[in-house]
**Q** 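Take this structure first; my questions come after.
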Amino acid sequence: MRWSQVFIPTLREDPADAEVASHKLLLRAGYIRQLSAGVYSYLYLGQRTALKIMQIIREEMDRIGGQEFYLPALHPAELWQETGRWDQMAATMFQLKDHSGRDFCLGMTHEEVMADIARHELRSYRQLPQIWYQIQVKFRDEARPKSGLMRLRHFIMKDSYTFDLDDAGLDASYKKHYDAYCRIFTRCGLHYEIVEAHSGAMGGSQSHEFMVVSPAGEDRIAICVKECGYAANLEKARAGLKPVSDPPGDPKPEVFPTPNVRTIEELVGFAGVKPEFLMKALVYVIPAADKGKQKDQIVLALVRGDHQLNEAKLGDALGGAPFRPAHPDEIRAHFGAAPGFIGPLGQKGVRILLDDALRGRRNLTTGANQNDHHVRHVTPERDFTGEYHDLRLVADSDPCSRCARPLRVASAIEVGHIFKLGRRYAESMGARVLDRDGRQVTLVMGSYGIGVERILTAAVEQHHDPEGMKLPRSIAPFDVVLTPVNLNEEPIRQAAEQLYAGLREARVEVLYDDRDERAGVKFKDADLIGVPVRLTVGKKAAEGKVEISERSTGQRADARISEAVGLVRSRYCG
RNA sequence: CGGGGCGUGGCGCAACCUGGUAGCGCGCCUGCUUUGGGAGCAGGAGGCUGUGGGUUCAAAUCCCACCGCCCCGACCA
């Protein structure tokens with residue numbers, strides 16, 4: 001393409017609304033423009049890279065036997081009501097009515113639609129397994145869209161769904177996706193981590209996320225520095241413990257005054273006790289399902305003073321029941337003391353959960369359920385009882401639960417997520433086939449997502465410098481930018497035109513900067529949009545030479561014009 | 001949804017506190033010069049100051065309401 005004829009609206013300055021590097025650069029380089037919060041238009045360059053990313057995904061999905069569908073984005077409410085997600089997802093779903101008042105929504109994902117096709121069409125185990133996928137727009141009414149293409153309300157997702165006869169079949173389908181995802185992200189030039197993921201409200205037995213470590217990411221993961229292989233989403237991550245030796249003896253619990261000492265830090269300063277000898281008490285409420293008949297359930301979660309509670313784990317421990325932090329007045333009503341002075345002693349009708357790190361501990365200090373007082377010499381089991389669960393949020397440099405080396409906690413961008421769904425959707429929607437013995441068997445499903453914009457965002461975050469993007473060739477909008485330094489000089493113009501024709505002939509995707517601009521402007525723009533290779537045609541054109549430079553490394557070398565096309569092809573477009 | 005910030009030519013900003021009818025840089029258009037890292041000179045186009053209401057002789061500026069965007073938090077298969 002000739003630059004003078006395509007629309008690449010580059011910006012000299014950072015847009016005021018952009019904070020993270022990828023957002024600034026994608027705007028400045030003319031890839032995208034914002035239409036509304038979390039809604040972006042993809043201009044020429046943005047669409048070119050999006051198409052390349054989608055093509056890589058498509059090739060790898062096809063390679064594992066995936067079949068591409070195109071499904072509606074507009075769904076009738078009944079479909080989502082069948083699985084209960086119409087109400088469950090209402091907060092983040094775009095719901096609307098048609099002219100006659102019938103309810104519809106814009107699809108956030110396509111389990112229901114795919115399962116609907118499956119239940120109508122799949123009859124026999126002989127038709128299994130199936131891998132169906134689509135690459136399509138999804139809608140989520142995110143409470144807070146952010147960071148450019150990081151969290152969108154309107155985004156492109158590759159989502160695939162597998163249908164198998166049994167768990168072994170699901171395992172195989174899952175493995176295929178796992179491997180395909182590795183190939184996809186590698187081909188997109190990403191350095192990524194695969195982490196164990198929390199299944200969350202979706203249920204399901206196993207789940208992995210593909211994460212690109214970046215300070216701009218909004219997820220947090222724990223990775224073992226020793227590469228013993230352990231890596232997990234922080235919601236799910238477990239860690240070992242460094243041993244703590246408690247004071248010996250069996251003194252009785254003793255209440256002592258702690259005026260205005262509410263936080264762990266204050267208590268450490270006031271009582272001179274290290275935080276690992278403290279027990280932090282957090283109060284949660286499980287609201288009663290039937291307000292008239294039942295009372296809200298009060299839950300007391302106890303963790304070590306220097307630990308933090310992981311609410312995802314708490315949710316698991318509570319069996320998936322909805323819960324929320326208690327309000328201060330609820331705490332006062334149930335415990336007779338203000339937040340900051342709460343503890344487990346003498347509580348009735350309160351469900352007590354202890355973090356595993358408190359197992360076998362003794363002589364701990366905690367709240368006395370009396371304002372301005374704490375109590376010391378508290379020993380679990382002897383003084384109170386509760387259920388033990390893993391409730392702790394892993395912190396940076398905690399020992400790896402597998403190899404005891406330190407764990408690193410890092411921010412990351414979730415680019416892919418694979419999920420063993422099991423039978424939930426198939427069951428609620430009645431998707432069954434006949435097995436070998438002629439019996440009705442519920443299908444076993446998996447679901448697997450990739451965020452197309454997230455790949456682009458992550459790639460820019462991972463590959464950029466102050467001058468602009470440095471996209472890997474596989475997803476860059478062009479292979480080569482051809483930059484004549486001054487088109488008014490006839491040898492330069494001739495050489496450039498000759499090279500442009502030669503590159504096109506050789507099927508190299510070339511952007512020919514034929515604009516009537518000064519060299520500096522062209523260089524700046526080329527660096528900004530991140531084309532991996534630049535062919536600069538300057539004064540040496542008269543001697544039959546051009547310069548080849550690499551955006552990612554900055555390396556430059558001269559080449560003979562006659563050989564330049566072949567060189568570029570063999571070295572960069574293989 | 002809670003907290004904070006911001007809405008002024010295409011972009012980045014100033015003028016607002018202390019009301020008097022809008023300015024700077026970049027970009028854009030024309031011409032001349034220049035030509036390997038965002039050129040110089042000259043001339044020019046472009047803004048009912050987010051919307052609605054109020055106060056005032058007079059509102060970008062003060063007051064009220066609304067809308068939008070960004071950031072932090074909550075939320076997030």
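This one's a predicted model, so the numbers in the text were calculated from it and none came from an experiment.
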**Q** Please report the distance, rounded to the nearest Å, between CG in L27(A) and C1' in C70(B).
**A** 12 Å
**Q** Respond yes when some side-chain nitrogen or oxygen of R144(A) is under 4.0 Å from OP1 or OP2 of C76(B), and no when none is.
**A**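 So the side chain of R144(A) is outside the cut-off, no N or O lying under 4.0 Å from OP1 or OP2 of C76(B).
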**Q** Pick out which of R28(A), R12(A), R515(A) makes a side-chain contact (heavy atoms from CB on, under 4.5 Å) with D525(A).
**A** R515(A)
**Q** Would you mind telling me which residue lines up with the more 5' stretch of RNA chain B, Y40(A) or T92(A), judged by nearest nucleotide?
**A**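 Nearest nucleotide further toward 5': that of Y40(A).
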**Q** Scan S36(A) against the nucleic acid and name what it touches under 4.0 Å (heavy atoms): base, sugar-phosphate only, or nothing.
**A**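 Sugar-phosphate, backbone atoms only, no base.
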**Q** For atom P, what is the distance between G36(B) and A42(B), given to the nearest Å?
**A**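 Nearest-Å result for G36(B) against A42(B) at atom P: 24 Å.
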**Q** Roughly how far apart, to the nearest Å, are C1(B) and C62(B) at atom C1'?
**A**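 It works out to 31 Å between them.
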**Q** Q67(A) pairs by side-chain contact (heavy atoms from CB on, under 4.5 Å) with which of Q130(A), M61(A), Q134(A)?
**A** Q130(A)
**Q** Select base, sugar-phosphate, or nothing to describe what R153(A) touches, counting heavy atoms under 4.0 Å on all strands.
**A** nothing
**Q** Sugar-phosphate means primed atoms, P, OP1 and OP2; the rest is base. With that split, encode nucleotides 29-35 of chain B 5' to 3' as B, S or - using protein heavy atoms under 4.0 Å.
**A** -----BB
**Q** Once you round it to whole Å, what is the distance between P of A77(B) and NZ of K158(A)?
**A** 19 Å
**Q** Would the H417(A) and Y448(A) ring centres measure less than 6.0 Å apart?
**A** no
**Q** Please enumerate all protein N or O atoms sitting under 3.5 Å from an N or O of nucleotides 5-16 of chain B, with distances to 0.1 Å.
**A**
residue	atom	partner	partner atom	Å
G12(B)	OP1	A16(A)	N	3.2

**Q** For the P atoms, the ones on G9(B) and on U49(B), what distance do you get once it is rounded to whole angstrom?
**A** 10 Å
**Q** Looking only at heavy atoms, what is the nearest atom pair of A459(A) and L471(A), with distance?
**A**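 Heavy atoms of A459(A) and L471(A) come nearest at CB-CD2, 4.3 Å.
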**Q** Please confirm whether the ring centroid of Y161(A) lies under 6.0 Å from the ring centroid of W132(A).
**A** no
**Q** For the P atoms, the ones on U56(B) and on C63(B), what distance do you get once it is rounded to whole angstrom?
**A** 16 Å
**Q** Report yes or no: is the cationic atom of K138(A) (NZ for Lys, CZ for Arg) closer than 6.0 Å to the six-membered ring centre of F155(A), at no more than 45° off its axis?
**A** no
**Q** Assess whether one donor atom and one acceptor atom, taken from the side chain of R140(A) and the base of A77(B), lie less than 3.5 Å apart.
**A**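 Per atom types, the contact qualifies.
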**Q** Please find the pair of heavy atoms, one from L300(A) and one from A281(A), that lie closest to each other, and give the distance.
**A** CD1-CB, 3.8 Å
**Q** Quick test of your reading of the model: are R119(A) and E82(A) salt-bridged, counting only N-O distances below 4.0 Å?
**A** yes
**Q** Would you indicate which nucleotide in G36(B), G38(B), C71(B) comes nearest to any side-chain atom of V521(A)?
**A**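 Ranking G36(B), G38(B), C71(B) by closest atom to the V521(A) side chain puts G38(B) first.
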**Q** On the side chain of R534(A), is there an atom forming a donor-acceptor pair with the base of G36(B) - under 3.5 Å, no angle test?
**A** no
**Q** Counting only heavy atoms not in R238(A), do more than 12 fall under 6.0 Å of its CZ?
**A** no
**Q** Let's see if you can work this out: which of G37(B), C75(B), A77(B) has an atom nearest to the side-chain heavy atoms of A143(A)?
**A**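 So the nucleotide nearest the side chain must be C75(B).
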**Q** Taking the inter-plane angle between the rings of F185(A) and F210(A) on a 0 to 90° scale, is it parallel (under 30°), tilted (30 to 60°) or perpendicular (over 60°)?
**A** tilted
**Q** If the plane angle is over 60° it's perpendicular, under 30° parallel, otherwise tilted; pick one for F139(A) and F94(A).
**A**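 Correct class here is perpendicular.
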**Q** What nucleotide, of G37(B), A74(B), A77(B), holds the atom closest to the side chain of R151(A)?
**A**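 From the listed options, A74(B) comes nearest.
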**Q** By the 4.0 Å heavy-atom rule, please label S147(A) as base, sugar-phosphate, or nothing.
**A** sugar-phosphate
**Q** State plainly whether the residues D171(A) and K176(A) are in salt-bridge range, i.e. N to O under 4.0 Å.
**A** no
**Q** How close do P287(A) and F323(A) get, heavy atom to heavy atom, and via which atoms?
**A** CD-CA, 4.3 Å
**Q** Name the nucleic acid region contacted by Q34(A), choosing base, sugar-phosphate or nothing; use a 4.0 angstrom heavy-atom cut-off, strictly under.
**A** sugar-phosphate
**Q** Which whole number of Å gives the distance between the C1' atom of G27(B) and that of G47(B)?
**A**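 My reading of the C1' atoms in G27(B) and G47(B) gives 16 Å.
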**Q** Using OP1 and OP2 only, check whether a side-chain N or O of R12(A) sits under 4.0 Å from G27(B).
**A** yes
**Q** Looking at C70(B), A77(B), G37(B), which one has an atom nearest to any side-chain atom of A37(A)?
**A** C70(B)
**Q** Would you indicate what R28(A) reaches in the nucleic acid, counting non-hydrogen atoms under 4.0 angstrom: base, sugar-phosphate, or nothing?
**A** base
**Q** Find which nucleotide of RNA chain B each of E467(A) and H23(A) is nearest to by heavy atoms, and output the residue with the more 5' nucleotide.
**A**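 Nearest-nucleotide comparison on RNA chain B picks E467(A).
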**Q** How long is the line joining CZ of R324(A) and C1' of C1(B), in whole Å?
**A**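 Atom CZ in R324(A) sits about 15 Å away from atom C1' in C1(B).
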**Q** May I ask you to say what E311(A) touches in the nucleic acid, namely base, sugar-phosphate or nothing, with a heavy-atom cut-off under 4.0 Å?
**A** sugar-phosphate
**Q** For C75(B) and G37(B), measure between their C1' atoms and round to the nearest Å.
**A** 46 Å
**Q** May I have the distance from H417(A) (atom NE2) to C76(B) (atom C1'), rounded to whole angstrom?
**A**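 Roughly 12 Å, once rounded to whole Å.
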**Q** Dot-bracket, 5' to 3', for RNA chain B please: Watson-Crick or G-U pairs under 3.5 Å, [ ] where pairs cross earlier ones, | where the partner sits on another strand, dots elsewhere.
**A** (((((((..((((......[..)))).((((((.....)))))).....(((((..]....))))))))))))....
**Q** Is the Y40(A) ring parallel, tilted or perpendicular to the H23(A) ring (thresholds 30°, 60°)?
**A**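 Answer is perpendicular, since the angle exceeds 60°.
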**Q** I'd like the P distance from G53(B) over to G43(B), given in whole Å.
**A**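 It works out to 42 Å between them.
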**Q** Send over the distance from H198(A) NE2 to A77(B) C1', rounded to a whole Å.
**A**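 Rounding to the nearest Å, NE2 of H198(A) and C1' of A77(B) are 11 Å apart.
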**Q** Given the C1' atoms of U61(B) and G25(B), what is the spacing between them in whole Å?
**A**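 Looking at atom C1' only, U61(B) and G25(B) are 23 Å apart.
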